[in-house]
A.B. asks: 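Let me begin by handing over the structure; questions about it come next.
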Amino acid sequence: MRATRKKRLYLVLLMVVGIGVAVGFALNAFNQNLMFFYSPSEVAAGKAPAAHAFRLGGLVTEGSVQRQANGLTVRFDVTDNAKTVTVEYTGILPDLFREGQGIVAHGQLRSDGVFVADEVLAKHDENYMPPEVAKALEEAHEEGKASMPPGKTTP
Amino acid sequence: MKRFFHQLGSPKHFYRIAGRWIPWLGLACVLFLLAGLYQGLVVAPTDYQQGDSYRIMFVHVPAAWMSLFIYVVMAAAGAIGLIWHMKLAEVVAIASAPIGASFTFLALVTGSIWGKPMWGAWWVWDARLTSELILLFLYLGVIALHNAVEDKRTAARATSILAIVGVVNIPIIHYSVEWWNTLHQGPTVTKFDAPSIDMRMLIPLLLMAVAFKLFYATVLLMRARVEVLERERNTRWVRELVSQS
Amino acid sequence: MNLNEFLHMGGYAAYVWSSYGLAAVVLAANVLAPMRQRRRLLRRLAQRERRARRNP
């Protein structure tokens, strides 16, 4: 009786390990498909598909947002602090869209290297705090910028 | 202590003991729920980025945690039932499935409602959202399989194996935001460096998490009691119980 | 804080309250389902018991 229980225990463990390994291999094989977006560096390295639409993710560069004359089209730079891609988008931006914010845009590269987006999603970070605290943190950061270690900047 | 567990293993005693615990667990759950709602909706300050919309977090995050937690309990109970042929473990496994499915559903829908104003989309096929959706299908598969097999013992064995197989999805959901780039943000509370959430926001989150755990315990016992009655319907103690009522 | 401001949720009222409302519905359904199942099962078993007593 004890031996059969032990056998069943090993069978269950073997099943979990076996499936874990199989799924691990499968996920590894499809790794690129599971990525939701390409970073500007990957786009610069030519890893993003040139012929069809893909998603581009990164931070909106401070001071780069420009509204075009028609009032609906927006141009801004998306960066991962290494490379930058300029994005052009016509439409309504999400509430969280602002400079310094992480975004994910869906669209296609034009021949001049501008990424023409048909959808812009905002990616927010995992930090939650009241505005006073955020303001105080920012001020402290401004004052001690030289001595502060670089924060996590990728979205 | 040993005697206590031995008694709990007997369906008759389990039915009686569970019946005594349910009201107290339910009461504790309601108290934590009220405290969590008050702290979360009234006391917690507005977020610097997301305004008041972030308050959806107090249902969304505990529900998502529960969806993973209940799955692990279900698979572990299923494994115990498979290996040691313990009937009560089988009951716990199958009673967990509908509760886990509802929390998964709640996490997905509240996430969607939160995603629309903040991200700008109800749904995206990123790794976190997709793996959580697969979790819902796993729960539904377990329920469907259990209903499809007539014999209770065979049904329990089949569903246990399915539940154990699905366990690989749990680390995938948890680490999806780290292994791949996703639209969903990374972990807040469980990351190793300093928690990046204000104390007044963390407290209601934890209160709600405890409330949901107590809720699971309460409903699990309620469901398990019904399952025990059904399985033991031909025994003397159930027939006596029925004639008395 | 006044009640109107509280219900307004900084403009996100529809999103916040629908989330909490849905949570309330899901939790309530989870409590009611096993209660109803238990009542039904007990009624069924009681019927069976009565029938067994009538024709043993």
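In what follows, chains carry the letters A, B, and so on, assigned in the order in which the sequence lines appear, proteins first and then strands, with residues in each chain numbered from 1. As the structure is a computational prediction, the values presented were derived from the model and not from experiment.
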A.B. asks: Heavy-atom pairs under 4.5 Å with chain B - which of C/Leu22, C/Leu27, C/Val31 has more of them than the others?
C.D. replies: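 Going by pairs under 4.5 Å, I would pick C/Leu27.
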A.B. asks: Tell me, side chain or backbone of C/Glu49 under 4.5 Å from chain B's heavy atoms, or both, or neither?
C.D. replies: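 C/Glu49 touches chain B through side-chain heavy atoms alone.
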A.B. asks: Hey, could you give me each pair passing side chain to side chain donor-acceptor pair (under 3.5 Å) that has a residue in residues 103-118 of chain B? Not counting sequence neighbours.
C.D. replies: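 Found B/Gln50-B/Trp114, B/His60-B/Thr110.
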A.B. asks: Need one label for C/Arg43: side chain, backbone, both or neither, based on atoms under 4.5 Å from any heavy atom in chain B.
C.D. replies: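 Contact with chain B: none, neither part.
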A.B. asks: Quick test of your reading: applying side chain to side chain donor-acceptor pair (under 3.5 Å), list the pairs with at least one residue in residues 15-24 of chain C, sequence neighbours left out, ordered by first then second residue.
C.D. replies: none
A.B. asks: Taking side chain as everything from C-beta outward and backbone as N, CA, C, O, which of these in C/Val26 sits under 4.5 Å from a heavy atom of chain B? Side chain, backbone, both or neither.
C.D. replies: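 When you check distances to chain B, only side chain atoms of C/Val26 fall under 4.5 Å.
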A.B. asks: Using heavy-atom distances under 4.5 Å, tell me whether B/Phe58 contacts chain C through its side chain, its backbone, both, or neither.
C.D. replies: both
A.B. asks: Under the criterion side chain to side chain donor-acceptor pair (under 3.5 Å), I'd like the reasoning laid out for B/Ser102 against B/Tyr139: C-alpha separation, chi angles, the key distance, then a yes or no.
C.D. replies: CA-CA 9 Å; B/Ser102 1; B/Tyr139 274 122; over 6 Å; no
A.B. asks: Need one label for B/Met118: side chain, backbone, both or neither, based on atoms under 4.5 Å from any heavy atom in chain C.
C.D. replies: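 Answer is side chain: those atoms of B/Met118 sit under 4.5 Å from chain C.
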A.B. asks: Heavy-atom cut-off 4.5 Å, strictly under: side chain, backbone, both or neither for C/Leu45 against chain B?
C.D. replies: both
A.B. asks: If we ignore hydrogens and angles and just use 3.5 Å, is the side chain of B/Asp52 paired with the main-chain N or O of C/Tyr12 as donor and acceptor?
C.D. replies: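 Such a contact is absent between B/Asp52 side chain and C/Tyr12 backbone.
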A.B. asks: Tell me, for C/Arg44 versus chain B, whether the close heavy atoms (under 4.5 Å) come from the side chain, the backbone, both or neither.
C.D. replies: side chain
A.B. asks: Kindly say whether B/Ser96 contributes a backbone atom to a donor-acceptor pair with the side chain of B/Arg223 at under 3.5 angstrom?
C.D. replies: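 The answer is no, because no donor-acceptor pair under 3.5 Å joins these two groups.
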A.B. asks: May I ask you to decide whether B/Glu90 forms a salt bridge with B/Lys152, counting only side-chain N to carboxylate O separations under 4.0 Å?
C.D. replies: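 B/Lys152 and B/Glu90: not salt-bridged.
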